[in-house]
Every structure is written in structure tokens, then in C-alpha cells.
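Just so you know, residue 1 is the first one in the sequence shown, and it goes up from there. Every number for a ligand or one of its atoms is a count from 1 in the order of the listing.
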Amino acid sequence: MQLRSLESAPAARRVFVRADLNVPLQDDEVRDDTRIRASLRTIRHLTAQGSAVVVGSHLGRPRGQVQEGLGLAPVARRLSELLGAPVRFAPGLPTGEGACEQWKLLGRGEVLLLDNLRFDPRETDDDPDFAQELAQFGDIFVEDAFGVVHRAHASTHAICDLLPSYAGFLVQREVAALDHLAEVGESPFVLVLGGAKITDKIGVIERLASHAQEVLVGGALANTFLQARGVPIGRSLSESGGLDVARGLMRQFSDRFRLPTDVVVSHAMTEPGRTAAVDEVQSDEMILDIGPATRKAYRAAILPARRLFWNGPMGLYEQAPFAEGTLDVAKSVAECEGYTVIGGGDSAAAVAAAGVDDRVSYVSTGGGASLEYLEGRRLPGLACLVAK
Ligand code: ADP
Ligand code: MG
């Protein structure tokens, strides 16, 4: 997809940047600054050319009101450390009096971070008046929040009607990585899918499975497929609303669709489990990970891949006894020499936990956005950046 790029933008005096600084916080500190780091290149490029840069982001789900614990003050501090320069900040409403006062003081080459855009209910309503208030901060708009380009919000969509709009470096990089994955014809192309919800992933399976040689399924997603096949899954998490879809997909792609042959089951989510053949799950047990034979089989399919996309952990990986399958897949993906892309917050966290995040080709910062992009859907935050 060809986007109007930041490099092609005229050097502007004032720039409004939409970034995705939705990072996990703990005790008023940033616990993981990956997303802040990912936004630095665009911000530095703009300050270096002498623009006054106003950055906006959401954080969590404050549901349209100022909420303690979801303010961006810790993000402003961390951003300032990483930039090695002061970052102006005013807590409260993102376009409130405090922010406007800071904006008036903002000099060329300086940065102002607005507080949580979702403190204002008009953000998620794609409200043109709120977009107008944001647009006043810049002469041009730079979209760099790939994680939210699938949302039509005031700061990702309505604002594009008001300012000349360009794709920042992160958005360009994400789109290039996903395009490369979908368009470069090398095979085998292997799809590894896990996680919880089938409804989020159907589109990607439908779109990519026809190009893939292997579709390896794990996590709670696999439970839905097993159930659809009539295999008893006990008390396992599954999506009963997705059974018909699961049957349809397995029929359509029966030659490449692979489900676990053995699993780790337990009575409680905290108790270490036992390994069982997939058809031996008791009615009071839950499937919480893929078993050793499945890990081995998936590894054998992953290693020769020329292209690979992985979304969704293979089990309840947050609990140590059920993290093995996910960590094993992460290591296999790291050893694969093909072009490997990880999408999804939990999958990215798992790859980092396995210590192999620097050994995959690309880790996308956007879960839902990367899935919808690969589905080929029209994303409102990108459609308005397409070069004409
Ligand atoms: P991603 O963020 O990578 O897109 P998802 O959000 O779809 O992934 O799914 C991640 C969640 O799915 C994790 O919280 C994980 O614990 C859960 N999960 C995966 N497999 C199972 C399972 N067998 N039982 C219960 N939860 C599971
Ligand atoms: Mg998730």
C-alpha cells in the first residue's frame, strides 16, 4: 500500500503527531517502553527539522472521562528520558486550558505531549469538533499510531479531513512488513494461530490460509476447532458461537489445517497439569497448552518456512506451568530462517519472554490492526493517507 510519507511532507512549523503510547503502567511508572521507543524516530525527525511537535495518544480505556491511573504523566517522563530533552505536559483534558497554555509556550524543536486522548468522549466518537481542536495544534498531521489505524477516531480519522496528513516512520514500516509478508510469493508460507477468540481471527485465516501451506492452530482457538470436530474438550475455554465457522474453515482448508494431537490439561488454571492425547480430555479438565508431541510437530513445520505469521499464544502462557508450548513455538520461530512476522500484544510479549524478539524479522506493534490489515480490510486510519 502506497502511503503519503513523512519524508514527502513540507517542513512544517507545527506538527500534530498521533502516536501509540498505550504502554503498561505500574505504580505510576512505565513497565514496558517498547511502544515509546517505536515512536522516537518520527518525533526526532520532526524536532530535528525545527518543528514544534505536539504528540497525542490514548492509554487504556478511560471511557471518556479523566481517570486517575490512566494519565500520560509517566509516559511524558519516559519520553523525555529517551529523547534526552524536556517534554512539556499538562494533565487532564487533552485539549483543555492547561494543554493550550503549554502549546503557546512550545518552541521550535520542542515536544508537547497531550494527556490521554480518550479522556475526552469525543475521541472515540470520531467527533469533528474534537478533531478541529486537535488540528489547531499543527499545520500538518502525522499518523504514527499503527495500533489504532483500524479505528475511526477523531485523532486517527476525522483529523485527516482538516490537515494535510502523512504516514510516520512506524506506520510505514508496519505496512511494508505486512505487505512483504502477504505479497512476496515464497513458500512454504506457514500460519501459526492461537490465542483466545476465533471471531477476531476468522478473517485472517480466510484471507491467508489459501496462500499458506500450513496452518498450525493452538491456544483456546484450537479448542473451538476441536469441539467443532466433536472431540470432548471438558471445561476448556472455547467459543461456542464459532463452531459453524470453524467447521467451514476446516472443510475448506482440510489439506493444511493442523490441530494439536496432545495437550496439557489441568483441573485448575494454577495447578500444574498432565499431558493427555487430544481425545482423552476428562469432563472436569481444561486444555491449557499444546503437548510435547504437538510442539515437536509444529517445530518441524515452522523451521523450513520461507514466510511465517504468528498471532496468539499456544496456551495460558501467563501461568508458568502452561507457558512451555508458547515458548517452544517462539524458539522455533526464532530459528526459522524465513521472513517471520509476529502480530498481537500477547504473542509479542511471549516472544520477548522467550528472549528471542531480536531473532524474528518483524514484531508488529498492532494486534487488531495487523490482523485487519492482513485481512485486506480498508482501515480508516490508513485510507486517508493513501497516496493519490
Ligand atoms: P494476541 O494478543 O497475541 O493477539 P489473544 O489476545 O488473542 O492473543 O489471546 C491471548 C490470550 O489467550 C492469553 O491471555 C492466553 O492466556 C489466552 N489463552 C490461550 N490459550 C488458552 C487456553 N488454552 N486456555 C485459556 N486461555 C488461553
Ligand atoms: Mg491480546
For Asn311, take its heavy atoms, then give the atoms of ligand 1 lying under 4.0 Å from any of them. 4 (O)
Name of the Asp346 N, O or S atom nearest the Mg ion (ligand 2)? OD2
How long is the span from the CG atom in Asp120 to the CG atom in Asp115, to the nearest 0.5 Å? 11.5 Å
Only heavy atoms of Leu316, strictly under 4.0 Å: list the atoms of ligand 1 that pass. 16 (O), 20 (N), 21 (C), 26 (N)
For atom 10 (C) of ligand 1, closest protein heavy-atom neighbour: Asp346 OD2, 3.5 Å
Could you identify the single nearest non-hydrogen protein atom to atom 3 (O) of ligand 1 and state the distance to 0.1 Å? Ser347 OG, 2.5 Å
Between Thr224 and Glu239, do the side chains contain a donor N or O and an acceptor N or O under 3.5 Å apart? no
What residue and heavy atom of the protein are closest to atom 23 (N) of ligand 1, and at what distance? Ile287 O, 3.0 Å
Relative to the heavy atoms of Gly312, which atoms of ligand 1 are at a distance of less than 4.0 Å? 3 (O), 8 (O)
Polar atom proximity, Ala196 to ligand 1 (N or O, under 3.5 Å): yes
Interatomic spacing from CG in Asp284 to NE2 in His267 - rounded to 0.5 Å: 4.5 Å
In terms of residue, atom name and distance, what is the protein heavy atom nearest to atom 13 (C) of ligand 1? Glu318 OE2, 3.3 Å
Of Gly218, Ala222, Gly344, Gly315, the residue with the heavy atom nearest atom 19 (C) of ligand 1 is Gly315
Return the closest protein heavy atom for atom 20 (N) of ligand 1 as residue, atom name and distance. Ala220 N, 3.0 Å
Arg247 bridged to Asp244 by N-O distance under 4.0 Å: yes
Could you check whether Tyr166 and Glu7, counting side-chain N and O atoms only, form a donor-acceptor pair closer than 3.5 Å? no
Under 3.5 Å, is there a donor-acceptor pair linking the side chains of Thr42 and Asp144? yes
Please determine whether any non-hydrogen atom of Gly367 lies less than 4.0 Å from an atom of ligand 1. no
Give the residue and atom name of whichever protein heavy atom lies nearest to atom 8 (O) of ligand 1, and the separation in Å to one decimal. Pro313 CD, 3.5 Å
Distance (rounded to the nearest 0.5 Å) between Ser57 OG and Leu113 CG: 7.5 Å
Give a yes or no on whether a salt bridge exists between Arg359 and Glu335, defined as a side-chain N under 4.0 angstrom from a carboxylate O. no
Gly194 heavy atom under 4.0 Å from ligand 1: no
Which atoms from ligand 1 have a heavy atom of Gly219 less than 4.0 Å away? 20 (N), 23 (N)
In Å, rounded to the nearest 0.5 Å, how long is the span from CZ of Phe141 to CG of Asp161? 11.0 Å
Which is closest to atom 26 (N) of ligand 1 by heavy-atom distance: Leu237, Leu193, Ile198? Leu237
How many angstroms lie between SG in Cys384 and CG in Leu163, if you round to the nearest 0.5 Å? 11.0 Å
The closest protein heavy-atom partner of atom 7 (O) of ligand 1 is Lys201 NZ, 2.9 Å
Distance only, no hydrogens: is a donor on one side chain within 3.5 Å (strictly under) of an acceptor on the other, for Glu123 and Ser155? yes
